[in-house]
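The first residue in the sequence is number 1, and the count goes up from there.
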Amino acid sequence: MRVAVTIDAEHPDAPAARGNTERLVEALAAARAPAAFFLEGRWTAANPELARRIADDGHLIGNHSAWHAPMDMLTDEGMRRSVKTAEQQIVAATGVVPRPWFRCPYGAGDDDPAVLGVLDEMGYRNVGWTVDANDWRPERTAGEIVELTAAGVALQGDGAIVLLHSWPDATAEALPTLIARLRDDGADLVGLDALA
């Protein structure tokens, strides 16, 4: 059963400890597990060395917009500007062109023909997710993230795409256990591009 772990790297929506993204990168390296990181442009500009480390570790790099604004609330020109600005920031920091991988912030616009049309015109395709433990919720514990994700993957089966975020404390705590649990449950952790 193939499972892709994806991580949205963005500025926190709630207070979080510094260093959580680094903890995720270390956990992935220790487990020799691939992930796809969708990098927000302003996060990348603020963390260029970490963005470069993510790319250098071989993780797939995607575009998560410049400012994390809901894509379906932007004009066509606003969408183009957000995607292009983020792309420029990602390339400057990582040396990697994130095309064709894009994730709509909040998933807003992932089924909107106008949003998808602009993304397609720019050489991108939106990548959603099939398993979401809502790790961004302040009350979510590491144990809950592990259990909810494992249950979601079991329900989804082959081709599951797990959504995590780079900043929550509980996610940084959960990831090593989650990787082990998924593998114990028979998951083969693969790059997102293996599911495309």
Side-chain angles (χ1 to χ4, degrees), residues 4-28 34-57 59-74 78-94 96-110 112 115 118-119 122 124-140 142 145 148-149 161-175 178 192:
V5 173
T6 69
I7 300 169
D8 291 357
E10 61 200 30
H11 286 294
D13 287 341
R18 291 191 55 81
N20 283 340
T21 306
E22 290 87 345
R23 290 173 63 196
L24 295 177
V25 172
E26 291 297 331
L28 291 164
F37 280 80
F38 287 90
L39 305 182
E40 176 193 40
R42 68 183 174 135
W43 180 91
T44 303
N47 299 280
E49 291 166 3
L50 182 53
R52 169 66 79 167
R53 161 106 195 261
I54 291 166
D56 287 350
D57 279 5
H59 299 295
L60 184 143
I61 302 296
N63 186 327
H64 196 40
S65 83
W67 307 282
H68 209 259
M71 296 299 284
D72 59 356
M73 295 184 71
L74 301 176
M79 285 188 273
R80 288 184 194 98
R81 191 167 132 237
S82 179
V83 173
K84 187 65 173 172
T85 298
E87 181 178 304
Q88 292 168 340
Q89 292 167 318
I90 292 165
V91 171
T94 69
V96 174
V97 176
R99 270 181 272 112
W101 312 103
F102 187 86
R103 174 165 285 157
C104 287
Y106 311 104
D110 64 0
D112 183 325
V115 172
V118 168
L119 292 175
M122 298 183 75
Y124 284 95
R125 64 186 182 101
N126 184 64
V127 178
W129 55 86
T130 60
V131 179
D132 182 4
N134 293 308
D135 65 325
W136 53 270
R137 291 180 184 249
E139 72 276 8
R140 188 69 77 218
I145 292 169
L148 290 167
T149 303
I161 300 174
V162 173
L163 170 64
L164 297 171
H165 294 83
S166 64
W167 52 268
D169 298 340
T171 305
E173 181 183 340
L175 189 60
L178 176 59
L192 182 63

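The two atoms that bring Trp136 and Trp167 nearest to each other are O-CH2, 3.7 Å, heavy atoms only. In terms of heavy atoms, Val96 sits closest to Ala55 at CG2-CB, 4.0 Å. Of all non-hydrogen atoms in Pro105 and Ala69, the two that sit nearest each other are CG-O, 3.6 Å. Residues Cys104 and Gly109 share a closest heavy-atom pair of SG-C, 4.0 Å. The two atoms that bring Ala66 and Ser82 nearest to each other are N-OG, 3.1 Å, heavy atoms only. The shortest non-hydrogen separation linking Ala172 to Leu24 is CA-CD2, 3.7 Å.
With rounding to the nearest 0.5 Å, the separation of CG in Leu28 from CZ in Arg23 is 12.5 Å. Here CD1 of Ile90 is found 14.0 Å from CH2 of Trp101. Values are rounded to the nearest 0.5 Å. For the atom pair CG (Asn134) and CD (Glu139), the distance works out to 8.5 Å, reported to the nearest 0.5 Å. How far CG of Asp110 is from CZ of Arg125: 13.5 Å, rounded to the nearest 0.5 Å. Note that CD1 of Ile145 is 10.0 Å distant from CG of Asp132, once rounded to the nearest 0.5 Å. Remark: Arg103 CZ to Ile7 CD1 distance equals 10.0 Å, nearest 0.5 Å.
Environment of CD in Glu49: sparse, with no more than 12 heavy atoms of neighbouring residues, nucleotides or ligands closer than 6.0 Å.
Residues meeting the side-chain hydrogen bond (donor to acceptor under 3.5 Å, both in side chains) test with Arg140, sequence neighbours left out: none.
A 4.5 Å side-chain heavy-atom check between Leu39 and Gln89 finds every atom pair outside the cut-off. Under the 4.5 Å side-chain criterion, counting only non-hydrogen atoms from C-beta, Leu175 is in contact with Leu164. A heavy-atom distance below 4.5 Å is not found between the side chains of Phe102 and His64. Looking at Arg53 and His59, their side chains never come closer than 4.5 Å, going by heavy atoms from C-beta outward. Proximity of Thr171 to Asn20: side-chain heavy atoms (C-beta onward) are nowhere separated by under 4.5 Å. Met71 is not listed as a side-chain neighbour of Tyr106, based on a closest heavy-atom distance of 4.5 Å or more. At least one side-chain heavy atom of His11 sits less than 4.5 Å from a side-chain heavy atom of Arg42. Considering only heavy atoms from C-beta on, Pro98 comes within 4.5 Å of Tyr124 through its side chain.
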Working for side-chain contact (heavy atoms from CB on, under 4.5 Å), residues Leu50 and Glu22: CA-CA 7 Å; Leu50 182 53; Glu22 290 87 345; 3.7 Å; yes
Candidate pair Leu192 and Phe38, rule side-chain contact (heavy atoms from CB on, under 4.5 Å), full reasoning: CA-CA 11 Å; Leu192 182 63; Phe38 287 90; 3.8 Å; yes
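Ion pairing of Glu87 with Arg80 is absent here, as no side-chain N (NZ or NE/NH1/NH2) approaches a carboxylate O to less than 4.0 Å.
Using modelled atom types, no side-chain atom of Thr94 and backbone atom of Arg52 make a donor-acceptor pair closer than 3.5 Å. A donor-acceptor pair is defined here as one N or O able to donate and one able to accept, closer than 3.5 Å; such a pair exists between the side chain of Asn63 and the backbone of Val83. Formation of a donor-acceptor pair under 3.5 Å by the Thr21 side chain with backbone atoms of Ser166 is found in this model.
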